[in-house]
There are 2 protein chains.
Amino acid sequence: MAKKGLSARQKRILEFIQDFYEERSYPPTIRDIQQACSISSTSVVDYNLRILERSGHIRRDREVSRGIEVLVGGRRRGRVPVLGYIAAGEPSPVPTQESWSDFEAIDELEVPQGLLGEVPADAYALRVKGTSMIDALVDDGDVVIVRPVDSVKNGDMVVAWLQTEKEVTLKRFYNEGERIRLQPANSTMSPIYVDPENLEVQGKVVAVLRSNL
Amino acid sequence: MAKKGLSARQKRILEFIQDFYEERSYPPTIRDIQQACSISSTSVVDYNLRILERSGHIRRDREVSRGIEVLVGGRRRGRVPVLGYIAAGEPSPVPTQESWSDFEAIDELEVPQGLLGEVPADAYALRVKGTSMIDALVDDGDVVIVRPVDSVKNGDMVVAWLQTEKEVTLKRFYNEGERIRLQPANSTMSPIYVDPENLEVQGKVVAVLRSNL
DNA sequence: CTCCTCAATGAACGCATGTTCGTGGCGACA
DNA sequence: TGTCGCCACGAACATGCGTTCATTGAGGAG
């Protein structure tokens with residue numbers, strides 16, 4: 001999975017496939033790759049593609065022209081799984097798992113290229129339930145893209161996991177020293193105060209996708 | 001440009017190309033189309049593709065396998081042009097044009113499939129300058145996707161064009177009868193009140209894309 | 001009726017393209 | 001030194017796949 005362990009040539013190939021696809025919206029042929037990467041033979045390309053395939057960097061449709069697709073973290077590039085719903089208002093219990101990452105995806109979403117740059121392989125999406133974050137332009141049905149992080153800043157919108165309550169909620173994060181304030185973005189709702197020990201920040205919202213059509 | 005004027009067969013072809021691409025992330029071959037649409041000969045497919053190409057529904061790379069791309073409104077599918085910057089706080093003058101739609105795109109952005117559904121052909125994107133909409137999770141550098149609309153509801157976030165001032169700004173829209181209140185989403189800033197005659201709503205924000213990476 | 005355009009048909013042509021195979025250099029290791 | 005895995009090479013093969021052409025039939029205009 002790691003980008004290490006790849007030869008310079010393989011990295012070059014991977015990059016070229018990506019750029020080619022970005023520009024023409026269909027994948028390159030083996031001979032396209034051969035030329036662009038100054039490779040002497042198509043068989044060398046095939047050889048390296050097999051390696052990239054085994055290592056999970058690409059997916060290939062055999063016997064199919066241009067049957068190459070770049071994967072990132074084993075997923076189709078530019079797509080994140082939608083893992084479920086999250087209530088922005090009242091904390092809601094999570095079925096069984098300790099973390100969202102174990103969830104089955106209920107959907108898949110294409111995320112903007114060029115805005116988020118390379119979408120992290122560990123990012124996932126949650127569909128927001130309820131209107132309690134309405135003041136933050138997060139409405140019912142909106143999608144937040146979450147990325148697991150180690151540290152959060154005050155004001156960050158986070159997916160908060162309350163350990164004893166076994167509930168998750170979407171709130172703004174404010175560290176007030178003794179306690180942590182989880183602030184909804186709705187003037188009619190009150191913040192929740194929790195003990196730092198009881199809180200686990202599952203991730204930070206890195207993108208909000210709102211559809212109004 | 002209109003979807004009318006296309007034969008049933010052509011619509012079917014267009015739809016198939018789209019679905020195929022969505023699923024496999026590369027375009028179909030002419031023979032793929034032939035089979036899927038129960039067409040007797042590849043030449044018939046080619047015949048219809050030429051029509052679709054002339055009418056602007058697709059783009060073709062000749063002599064290239066799978067060199068077909070579905071366009072919507074003459075643009076690459078799922079992409080919107082980024083037309084420029086918009087100041088969320090103080091209204092800022094627009095160089096020359098009456099409307100954003102005349103602007104040259106400074107960039108191009110891929111927008112999420114499945115969330116916005118079919119992205120309207122007339123949608124465009126603006127990069128937000130300033131932090132005055134910070135409370136609405138619209139930060140400096142964020143991107144708003146705007147769609148021209150006829151009517152707006154109170155509370156909608158709109159691109160407001162002030163005719164006499166020749167300035168545009170990003171605000172929330174509130175119709176108060178005699179006047180219209182343009183409300184920034186920043187507690188330290190005051191609303192602007194304008195005469196309905198002086199205001200032209202260029203479009204409504206249908207999506208907010210925020211990158212925090 | 002004839003002429004013409006639109007839409008479709010089947011076959012053939014020829015280059016494009018994925019695949020396979022035999023070969024060879026090179027460093028690691030015993 | 002010999003063997004082995006890794007990586008690269010070049011050629012050949014078999015389809016894949018876009019293109020073209022000669023025909024045909026169904027309307028519409030004259």
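Source: prediction; values computed, not measured. Throughout, protein chains are lettered first and strands after them, A, B, ... in sequence-line order, and every chain is numbered starting at 1.
- OP1 or OP2 of C:dA8 has not a single side-chain nitrogen or oxygen of B:Arg50 nearer than 4.0 Å.
- Of the N and O atoms on the side chains of A:Asn48 and A:Gln10, at least one donor lies less than 3.5 Å from an acceptor on the other residue.
- For C:dG18, the base has a donor-acceptor partner in the side chain of A:Arg31 [N/O atoms by modelled type, under 3.5 angstrom].
- Put simply, A:Tyr47 has a side-chain N or O that comes within less than 4.0 Å of OP1 or OP2 on D:dC7.
- A donor and an acceptor atom, one from each side chain of A:Asp32 and A:Thr29, are located under 3.5 Å apart.
- C:dT17 atom C1' lies 15 Å from atom CG of A:Asp61, rounded to whole Å.
- Taking the nucleotide of DNA chain C with the nearest heavy atom to each of B:Ser38 and B:Val64, the more 5' of the two is matched to B:Ser38.
- Residue contacts shown for B:Ser41 include a base, since a base heavy atom lies under 4.0 Å away.
- Rounded to a whole Å, the CG atom of B:Leu6 is 15 Å from the C1' atom of C:dA7.
- Summarising the geometry, the separation between CZ on B:Arg54 and P on C:dC6 is reported as 9 Å, rounded to the nearest angstrom.
- The side chain of A:Thr29 approaches C:dG18 more closely than any other nucleotide in the set D:dC9, C:dG18, D:dC7.
- Distance, A:Gln34 CD to D:dG10 C1': 10 Å, rounded to whole Å.
- The phosphate of C:dA16 (OP1 or OP2) has no side-chain N or O of B:Ser65 nearer than 4.0 angstrom.
- A side-chain donor from one of B:Ser25 and A:Glu69 sits under 3.5 Å from a side-chain acceptor of the other.
- A:Ile180 is not listed as a side-chain neighbour of A:Tyr174, based on a closest heavy-atom distance of 4.5 Å or more.
- The nearest whole Å value for the distance from the OH atom in B:Tyr26 to the P atom in C:dT17 is 15 Å.
- Distance CG (B:Asp46) to C1' (C:dA8): 13 Å, rounded to an integer number of Å.
- For the OP1/OP2 pair of C:dA8 and a distance below 4.0 Å, the side-chain nitrogens and oxygens of B:Arg9 include at least one atom meeting the criterion.
- Using cut-offs of 30° and 60° on the angle between ring planes, the pair A:Tyr26 and A:Phe20 is perpendicular.
- Close to C:dA8, at under 4.0 Å from its OP1 or OP2, lies no side-chain N or O of B:Ser40.
- Atom CD1 of B:Ile30 is separated from atom C1' of C:dA12 by 15 Å (rounded to the nearest Å).
- Within the structure, every side-chain polar atom (N or O) of B:Arg60 is placed at least 4.0 Å from both OP1 and OP2 of D:dC17.
- Taking atom CD of A:Glu63 as the reference point, atom P of C:dT19 lies 6 Å away to the nearest angstrom.
- Nucleic acid contact class of B:Thr42 (heavy atoms, under 4.0 Å, all strands): base.
- The phosphate of D:dA8 has OP1 or OP2 within less than 4.0 Å of a side-chain N or O from A:Asn48.
- Distances shorter than 4.0 Å separate some side-chain N or O of A:Arg66 from OP1 or OP2 on C:dT17.
- Across A:Arg60, A:Arg62, A:Arg59, a single residue satisfies side chain to side chain donor-acceptor pair (under 3.5 Å) together with A:Glu53, and that is A:Arg62.
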